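Have a look at the structure below before the remarks.
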Amino acid sequence: MKNSSIQFNSSNIKELFSKKFLLVILISIPSAIVADYFNIPLAWMLGPMLAVSIAALSGIKIKMPKIALSSILIVLGLHIGNYIDQNLINQMTEWVWTSIIMFVYILISILIVSKYLQKFSGYNVKTSIFSAAPGALGPLMILAEHEKSDLSQVATSHLIRLIIIITVIPFFVVNYSTNEVLVIEKFNYLDQNHFHLLILLIGSISLIFIFDKIGVPAALLSGTLVASGILQISEVASYKLPDESINFCLLILGASVGCRFADKSLKEVAGNTFHSLIATAILVTLGLLAAIVATYFVDTNFLTLLLSFSPGGIYEVAVIAIAFDLDPNFVAFHHIIRLLMILFTIPIILKIIGKKLN
């Protein structure tokens with residue numbers, strides 16, 4: 001189970017009690033409280049993300065245990081699963097056009113951004129293509145390693161882009177959204193059938209392992225969503241998690257982004273920052289145009305479309321959609337589709353380029 005999304009073994013469980021993870025928590029909680037005090041949007045994600053990133057780049061030894069992140073992503077999937085019903089399934093037939101727009105957006109993004117990185121950053125062809133893809137960092141790193149691309153350049157480009165997107169989007173949404181940030185509703189969470197939660201967890205974990213086995217992208221999210229959808233629509237099990245758990249999801253997600261800089265040097269990040277900013281600006285602009293085109297095909301909130309065409313951060317963007325009540329299922333669906341399209345498209349592009357070079 002080395003490459004499994006959920007890794008239950010003694011070493012991973014020990015990491016939950018390690019000094020490196022304790023430092024992550026000790027840095028994250030105060031930074032979240034400070035960010036919340038200054039009314040920063042999504043304070044419980046942005047505060048830890050920025051503080052942990054600075055700590056990582058300063059050389060402090062920190063680590064996010066995979067089992068901690070996996071658990072949070074399952075909780076996130078169960079939150080989104082509460083939105084799934086038969087009406088949503090019927091709506092999915094209307095998302096064919098936005099899926100086609102997504103595919104065109106991906107192709108144009110890779111073409112334009114890879115050319116920019118080749119010309120101005122000196123990236124080789126393969127590295128520029130992996131760096132230009134709007135998301136899917138994890139799976140792309142595996143492909144990039146197989147193609148002998150520069151892993152450091154690919155990872156740094158995506159991470160800088162991710163941190164920019166996650167930092168900017170909440171400020172944009174809070175200024176233009178007509179929806180309120182998630183308000184904690186009065187709900188008797190104890191007055192539920194807790195056996196349903198157990199059924200949902202068992203169903204989700206089982207499907208995650210199956211999706212892992214057959215190679216479905218973002219298995220933690222897609223597995224939980226499909227399991228929740230099937231169980232809730234069939235009225236086998238349904239369960240509403242406390243809204244307060246969203247803040248803990250935000251904290252772990254934000255801190256996990258910061259932890260990704262643990263093996264990066266400040267010089268390495270600084271060297272890629274400028275061109276990553278330009279690449280991000282291009283991708284966001286193309287995503288904005290794609291969202292505008294999509295408004296002619298679906299009757300959906302524009303900010304929801306903007307989140308759906310955000311170039312990366314499937315889990316982070318999904319939790320933003322939940323926090324601002326911006327149709328999380330629509331957003332999650334399009335990010336999963338984007339992952340699938342990227343993973344199928346890039347090998348074909350590389351094969352075509354390989355033939356031309358030969």
Side-chain angles (χ1 to χ4, degrees), residues 1 3-8 66-67 69-100 102-103 135-136 138-139 192-241 245-246 249 252-253 298 300 304 307-310 312-322 325-344:
M1 289 291 184
N3 295 318
S4 175
S5 293
I6 306 175
Q7 298 181 10
F8 291 112
K66 289 183 179 179
I67 194 169
L69 184 57
S70 297
S71 301
I72 287 303
L73 296 179
I74 292 173
V75 172
L76 176 60
L78 290 175
H79 268 290
I80 300 176
N82 284 327
Y83 294 84
I84 297 176
D85 55 23
Q86 187 59 50
N87 182 51
L88 175 72
I89 303 300
N90 296 334
Q91 283 182 326
M92 288 178 69
T93 57
E94 301 173 11
W95 300 348
V96 173
W97 291 109
T98 48
S99 298
I100 293 171
M102 179 68 76
F103 182 65
Q192 298 186 86
N193 188 334
H194 303 302
F195 183 63
H196 282 194
L197 175 60
L198 182 61
I199 294 173
L200 284 166
L201 287 172
I202 292 172
S204 297
I205 293 170
S206 299
L207 211 52
I208 288 167
F209 279 120
I210 293 171
F211 279 13
D212 254 338
K213 193 75 175 176
I214 61 178
V216 175
L220 283 163
L221 183 58
S222 54
T224 308
L225 284 178
V226 173
S228 296
I230 292 172
L231 291 171
Q232 291 195 124
I233 291 173
S234 61
E235 298 183 352
V236 172
S238 63
Y239 196 89
K240 181 177 173 62
L241 292 170
S245 61
I246 284 290
C249 288
I252 295 296
L253 279 173
V298 290
T300 302
T304 299
L307 286 177
S308 300
F309 288 96
S310 170
I314 176 171
Y315 300 115
E316 293 82 5
V317 172
V319 84
I320 292 173
I322 293 174
D325 195 22
L326 292 171
D327 201 343
N329 278 304
F330 184 92
V331 174
F333 172 84
H334 284 83
H335 275 263
I336 291 170
I337 285 294
R338 174 175 54 79
L339 275 172
L340 285 167
M341 289 176 175
I342 289 172
L343 295 181
F344 281 116

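Quick caveat: nothing in here was measured; it's all calculated off a predicted structure.
Taken from CG in Leu340 to CG in Leu343, the straight-line distance is 7.0 Å, to the nearest 0.5 Å. Distance check, rounded to the nearest 0.5 Å: OG of Ser238 to CG of Leu200 gives 7.5 Å. Atom OG1 of residue Thr224 and atom CZ of residue Phe211 lie 9.5 Å apart, to the nearest 0.5 angstrom. Taken to the nearest 0.5 Å, the OG atom of Ser222 stands 10.5 Å off from the CD1 atom of Ile337. Between the CD1 atom of Ile252 and the SG atom of Cys249 there is a distance of 8.5 Å, given to the nearest 0.5 Å. With values rounded to the nearest 0.5 angstrom, Thr300 atom OG1 is found 8.0 Å from Glu94 atom CD.
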Exercise. Take Leu197 and Leu241, measure what side chain to side chain contact (heavy atoms under 4.5 Å, CB included) needs, and give me the verdict at the end.
Key: CA-CA 9 Å; Leu197 175 60; Leu241 292 170; 4.1 Å; yes
Quiz item: Given Leu73 and Leu253, is the side chain to side chain contact (heavy atoms under 4.5 Å, CB included) satisfied, shown in steps?
Solution: CA-CA 8 Å; Leu73 296 179; Leu253 279 173; 3.7 Å; yes
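Among all heavy-atom pairs drawn from Leu326 and Val331, the shortest one is O-CG2, 3.5 Å. Between Ser245 and His79, the shortest heavy-atom distance links the atoms OG-NE2, 2.8 Å. The two residues Leu225 and Gly77 have their closest heavy-atom pair at CD2-O, 3.7 Å. Residue His194 comes nearest to Tyr239 through the heavy atom pair ND1-OH, 2.8 Å, listed as atom of the first residue, atom of the second, then distance. For Thr98 against Phe309, the heavy-atom pair with the smallest separation is O-CZ, 3.9 Å. Across every non-hydrogen atom of Gly223 and Leu207, the tightest pair is O-CD2, 3.5 Å.
Side chains of His334 and Ser99: a donor-acceptor N/O pair is absent below 3.5 angstrom, by distance only.
Taking the six-membered ring for Trp and thresholds of 30 and 60 degrees, Trp95 and Phe330 have ring planes more than 60 degrees apart, a perpendicular arrangement.
The backbone N or O of Leu307 lies less than 3.5 Å from a partner atom in the side chain of His335, making a donor-acceptor pair.
For Thr304, there are no side chain to side chain donor-acceptor pair (under 3.5 Å) partners, not counting sequence neighbours.
Taking the side chain as every heavy atom from C-beta outward, Leu78 and Ser204 approach each other to under 4.5 Å. Taking the side chain as every heavy atom from C-beta outward, Phe195 and Leu198 approach each other to under 4.5 Å. The shortest side-chain heavy-atom distance between Ile246 and Val75 does not fall under the 4.5 Å cut-off.
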